[in-house]
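Report on one structure; see the data block that follows.
Along the sequence shown, the residues carry numbers beginning at 1.
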Amino acid sequence: MATIKDVAKLAGVALSTASYALNGDSKVSAKTKAKVLAAARELNYRKNGFAMDLKRSRTNTIALILTDLSGPYYSELIRSVQDVALANGYDLIACSSMGGRDSTAVRFLREKRVDGAIILAHNIHDDILVESAGERFPIIVMDRQLSSSHLVNVLVDGEQGGYLATRHLIQKGHKTIAYISGPSNSYDNALRYQGYLRAMQEAGLEEKSKWRLSGNFVREGGYSATKMMVMQGELPSAVFYGNDEMAIGGLKAFEESGISLPNDISVIGFDDIQLSEYVHPPLTTVRQPKHEAGSLAGHLLFQMLNGEAVNPSYTLTIDLVERESVRSVKEESGNQPA
């Protein structure tokens, strides 16, 4: 089955130009549009007929597409977008992107079963988003940076967040610092890791590969990665977990191994989910403006639906929240698991 990439290649135009032409965007010249449509006919490329019917009238529904519907971070985001949708007289559909190109979420985008979408799903490919976005189908992207008409980026400064978290540990005297990462294809994880590396390099500290483990941004992953780190027989002075859920899993693993926090090891997370202040010890973390990000994404989507001009990208700031999971150390003592 032909894709829009095939159409763009045959027509000799950029992917975004092919998308605009197929969506009837007025910015594409008649000559280019005719060339793209001819290529689409030759390849038997066609958009879903249901989508064509739906776009004759609005559905008064928007979609929020997430990598996973479970977890406290996503629940807070869903709530903030839902508030904006209801205030505008719209319904909200939240769906998972599990399944990638074959997921229900991708069908929602390609068939345009809603009026617009907010995306926080690293496993939906860029070309699908570029192909789906159009003048009558705006998309807000929250987990990567894309440059295309009718696509707007709402970003959090994850690189600075990773830097703040790691620098905080360094300022407390920690010299051996592990990083427990999220998925390797996650834009957010890449930024946090870059911030970690920048702080380590500035301080003249070396990252050790044996302490760079993946927890996939889930609690169970943080637990498993921490158990693996403990089994290696040598612990760092501190651990930076790429999100709070992994850090909470790590707390459980340390407790089961008889390792005391923060006496034996310090831990810092990222996100500041509600649970982070209720675990023991309360988690030092980097606060993401979850509610603000969701509200901004929702408001921008409705501005675009109403034909208003918006900027192509917005970046929200973050801050450090100090609690009790990090302690000051005067010198690195080469901690060992109990």
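- Within the 4.5 Å cutoff, side-chain heavy atoms of Ile4 are placed close to those of Leu15.
- Using a 4.5 Å heavy-atom cutoff, the side chains of His174 and Ser266 are in contact.
- Legend: residues meeting side-chain contact (heavy atoms from CB on, under 4.5 Å) with Ala87, ordered by chain and number and at least two apart, are absent.
- No more than 12 heavy atoms of other residues, nucleotides or ligands shown are found within 6.0 angstrom of CD on Glu255.
- Leu109 is listed as a side-chain neighbour of Phe137, based on a closest heavy-atom distance under 4.5 Å.
- By the salt bridge (Lys or Arg N to Asp or Glu O under 4.0 Å) test, Asp126 pairs with Arg144, sequence neighbours left out.
- For the pair Ile177 and Tyr196, the tightest heavy-atom approach, listed with the atom from each and the gap, is O-OH, 2.7 Å.
- Taking 4.5 Å as the limit, some side-chain heavy atom of Leu235 sits within range of a side-chain heavy atom of Val230.
- What you find for Ser97 and Thr67 is that their closest heavy atoms are OG-CA, 3.4 Å.
- Applying the ring-ring contact (aromatic ring centres under 6.0 Å, His included) test to every pair with at least one member in residues 275-297, sequence neighbours left out, gives no pairs at all.
- For the salt bridge (Lys or Arg N to Asp or Glu O under 4.0 Å) test, residues two or more places apart in sequence or in another chain that qualify with Arg287 are Asp272, Asp319.
- Looking at Phe240 and His168, their side chains never come closer than 4.5 Å, going by heavy atoms from C-beta outward.
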Using the side-chain contact (heavy atoms from CB on, under 4.5 Å) rule, take Ser149 and Glu135 through it: C-alpha gap first, then chi angles, then the decisive distance, then the call. CA-CA 8 Å; Ser149 295; Glu135 189 172 3; over 6 Å; no
Can you give me every donor-acceptor pair (side chain of residues 297-306, partner residue at least two apart or in another chain, under 3.5 Å) with its distance?
| unit_1 | atom_1 | unit_2 | atom_2 | d |
| --- | --- | --- | --- | --- |
| Asn306 | ND2 | Phe302 | O | 3.1 |

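- Donor-acceptor pairing under 3.5 Å is recorded for the side chains of Asp115 and Thr59.
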Let me check something: any side-chain donor-acceptor pairs from residues 207-224 under 3.5 Å, sequence neighbours excluded? List them with distances.
| unit_1 | atom_1 | unit_2 | atom_2 | d |
| --- | --- | --- | --- | --- |
| Glu207 | OE1 | Tyr193 | OH | 3.0 |
| Glu207 | OE1 | Arg212 | NH1 | 3.4 |
| Glu207 | OE2 | Tyr193 | OH | 2.8 |
| Glu207 | OE2 | Arg212 | NH1 | 3.0 |
| Lys210 | NZ | Glu234 | OE1 | 2.6 |
| Trp211 | NE1 | Glu234 | O | 3.3 |
| Tyr223 | OH | Glu256 | OE1 | 2.4 |
| Ser224 | OG | Glu220 | O | 3.1 |

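- Nearest heavy atoms, Thr32 versus Thr17: CG2-CG2, 3.7 Å.
- The side chain to side chain donor-acceptor pair (under 3.5 Å) analysis of residues 242-251, with sequence neighbours excluded, yields the pairs Asp244-Thr285.
- In this structure Asp271 satisfies the salt bridge (Lys or Arg N to Asp or Glu O under 4.0 Å) test together with Arg192, sequence neighbours excluded.
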Could you walk me through whether Met142 and Leu77 pass side-chain contact (heavy atoms from CB on, under 4.5 Å), step by step? CA-CA 11 Å; Met142 300 184 70; Leu77 184 68; 3.9 Å; yes
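- Residue Tyr187 is found in a hydrophobic cluster whose other members, listed by chain and number, are Leu155, Leu191; membership requires side-chain heavy atoms under 4.5 Å apart, directly or through intermediates.
- The shortest heavy-atom contact between Phe108 and Ile93 is CE2-CD1, 3.8 Å.
- Glu206 places none of its side-chain heavy atoms less than 4.5 Å from the side chain of Met200.
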Starting from the C-alpha separation in whole Å, work towards a yes-or-no answer on side-chain contact (heavy atoms from CB on, under 4.5 Å) for Thr317 and Asp157. CA-CA 6 Å; Thr317 57; Asp157 195 347; over 6 Å; no
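- Within the structure, the salt bridge (charged side-chain N to carboxylate O under 4.0 Å, His left out) test picks out no pair touching residues 34-44 (sequence neighbours left out).
- At a threshold of 4.5 Å between non-hydrogen side-chain atoms, the residues Pro289 and Ile318 count as touching.
- Side-chain contact between Ile248 and Ile273 is present, with at least one heavy-atom pair separated by less than 4.5 Å.
- Under the side chain to side chain donor-acceptor pair (under 3.5 Å) criterion, no residue pair touches residues 72-86, with sequence neighbours excluded.
- Heavy atoms from other residues, nucleotides or ligands lying under 6.0 Å from NZ of Lys252 number 12 at most.
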Show me the side-chain donor-acceptor pairs of residues 178-186 shorter than 3.5 Å, one per line, residues at least two apart or across chains.
| unit_1 | atom_1 | unit_2 | atom_2 | d |
| --- | --- | --- | --- | --- |
| Tyr179 | OH | Asn189 | OD1 | 2.9 |
| Asn185 | OD1 | His122 | ND1 | 3.3 |
| Asn185 | ND2 | His122 | ND1 | 3.4 |
| Ser186 | OG | Asp188 | N | 3.4 |
| Ser186 | OG | Asn189 | N | 3.1 |

